[in-house]
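What follows is a set of notes on a single structure, which appears directly below.
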Amino acid sequence: MTEKHILIVEDERPLREMVAFGLQRAGYRVTEAGDCGAARANIADHLPDLLLLDWMLPDMSGLEFARALRRDDNTRELPIVMLTARVAEDDKIMGLQGGADDYVTKPFSARELVARIEAVLRRTGSHEEKLMAGAITMNTVSHRITINGVEIVLGPTEYRLLKFFLMHPERVFSRSQVLDRIWSGVYVEERTVDVHIRRLRRVLEEHGCAHYVETVRGAGYRFSSHATGNSR
Ligand code: CA
């Protein structure tokens, strides 16, 4: 596999360099820009596979820049992950409507950033059929799931749960958020989520992966193939 090229647009140099270092270590080729003007020149020169775009930039907001890129035929499909220090829910939604594929709130860990980038690249990849995390591989066309190469069988709800988690790693979801995504339009109680999470974990446990589904005390659930299992 050829290495993916990521362009980082961030004016805070220490942060930009730290992120570049983390991404290079994860196997990405990285170029850097300090503002939207430099990013534009960089993109015109060579289209990256993904744009990591800070919200607050000196010449133009990252949000405006993302919108401009979406209006341009050459960059319409360019995956964009926004970096934001803002945490208000409205801003997050605005960022996504503005054309970002995902966002990461500062401060973030290199591990979280890499997981998000991988997920966005998988989602936006040319009709990618495989979702992968750690030992788990899911083929979303055949619905076959393997763990360390051994096929496993899940009920339909657990399948949807696992698919949802594989598409959104390293992020905490409350029970009600999981409900909305998995049972949209159907009334079920929040503890139903726990029941299906338990069933999913039981199957994963047989293959040593139950710890991927983490319980985050007072918050909900997080899927992480890097989890240690200590927080369960
Ligand atoms: Ca900034």
Side-chain angles (χ1 to χ4, degrees), residues 2-125 167-174 177 216 219-220 222-224 226:
T2 58
E3 59 184 6
K4 298 281 187 185
H5 171 205
I6 297 177
L7 172 61
I8 308 171
V9 193
E10 164 66 79
D11 55 320
E12 285 166 63
R13 199 169 146 191
L15 177 63
R16 193 176 72 221
E17 288 175 348
M18 190 197 78
V19 168
F21 180 73
L23 293 179
Q24 279 159 356
R25 275 190 55 178
Y28 293 103
R29 190 160 68 81
V30 180
T31 47
E32 303 175 35
D35 56 39
C36 297
R40 206 186 285 278
N42 202 310
I43 290 169
D45 193 40
H46 185 82
L47 189 67
D49 292 300
L50 183 140
L51 186 65
L52 193 57
L53 180 61
D54 186 35
W55 189 300
M56 302 289 275
L57 290 161
D59 53 347
M60 167 183 209
S61 87
L63 190 58
E64 285 174 68
F65 187 49
R67 286 184 178 143
L69 291 170
R70 286 290 180 258
R71 285 193 297 267
D72 185 329
D73 281 344
N74 295 320
T75 50
R76 195 181 302 280
E77 307 282 320
L78 176 62
I80 300 174
V81 174
M82 295 278 299
L83 298 178
T84 173
R86 305 184 181 193
V87 289
E89 205 63 33
D90 286 353
D91 286 343
K92 290 180 181 173
I93 292 161
M94 248 169 56
L96 298 177
Q97 284 174 341
D101 295 282
D102 201 358
Y103 59 87
V104 179
T105 307
K106 296 174 187 175
F108 50 82
S109 67
R111 183 185 104 177
E112 180 187 8
L113 183 65
V114 167
R116 294 289 186 80
I117 284 173
E118 282 173 1
V120 168
L121 285 173
R122 276 198 301 265
R123 285 210 297 273
T124 56
M167 291 174 79
H168 303 91
E170 303 292 341
R171 178 176 287 180
V172 177
F173 290 95
S174 67
Q177 284 172 326
V216 182
R222 175 178 53 216
F223 183 84
S224 172
H226 306 283

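Order of appearance sets the numbers: ligands from 1, and atoms from 1 within every ligand. Position 1 is the first residue of the sequence; numbering continues from there. In this text the structure is predicted, and so the values were computed from the model without any measurement.
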State whether the side chain of Asp59 and the backbone N or O of Cys36 hold a donor-acceptor pair below 3.5 Å, judged by distance alone.
yes

When you measure from the side chain of Arg222 to the backbone N and O of Val216, does any donor-acceptor pair fall under 3.5 Å?
no

Just list the side-chain donor-acceptor pairs under 3.5 Å for residues 109-121, sequence neighbours left out, or say none.
unit_1, atom_1, unit_2, atom_2, d
Ser109, OG, Glu112, N, 3.0
Arg111, NH2, Glu170, OE1, 3.2
Glu112, OE2, Arg116, NH2, 3.3
Arg116, NH1, Tyr103, O, 2.6

Which residues share a salt bridge (charged side-chain N to carboxylate O under 4.0 Å, His left out) with Arg13, sequence neighbours left out
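Counting only residues at least two positions away or on another chain, Arg13 forms a salt bridge (charged side-chain N to carboxylate O under 4.0 Å, His left out) with Glu17.
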
Distance-only donor-acceptor pairs under 3.5 Å for side chains of residues 20-33, two or more places apart:
unit_1, atom_1, unit_2, atom_2, d
Thr31, OG1, His5, NE2, 2.7
Glu32, OE1, Arg16, NE, 2.9

Should the pair Asp102-Arg171 be classified as a salt bridge under the 4.0 Å nitrogen-to-oxygen rule?
yes

Atoms named by residue and atom, protein N, O or S, within reach of the Ca ion (ligand 1) (under 3.0 Å)
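Counting only protein N, O or S atoms under 3.0 Å from the Ca ion (ligand 1), the list reads Asp11 OD1, Asp54 OD2, Met56 O.
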
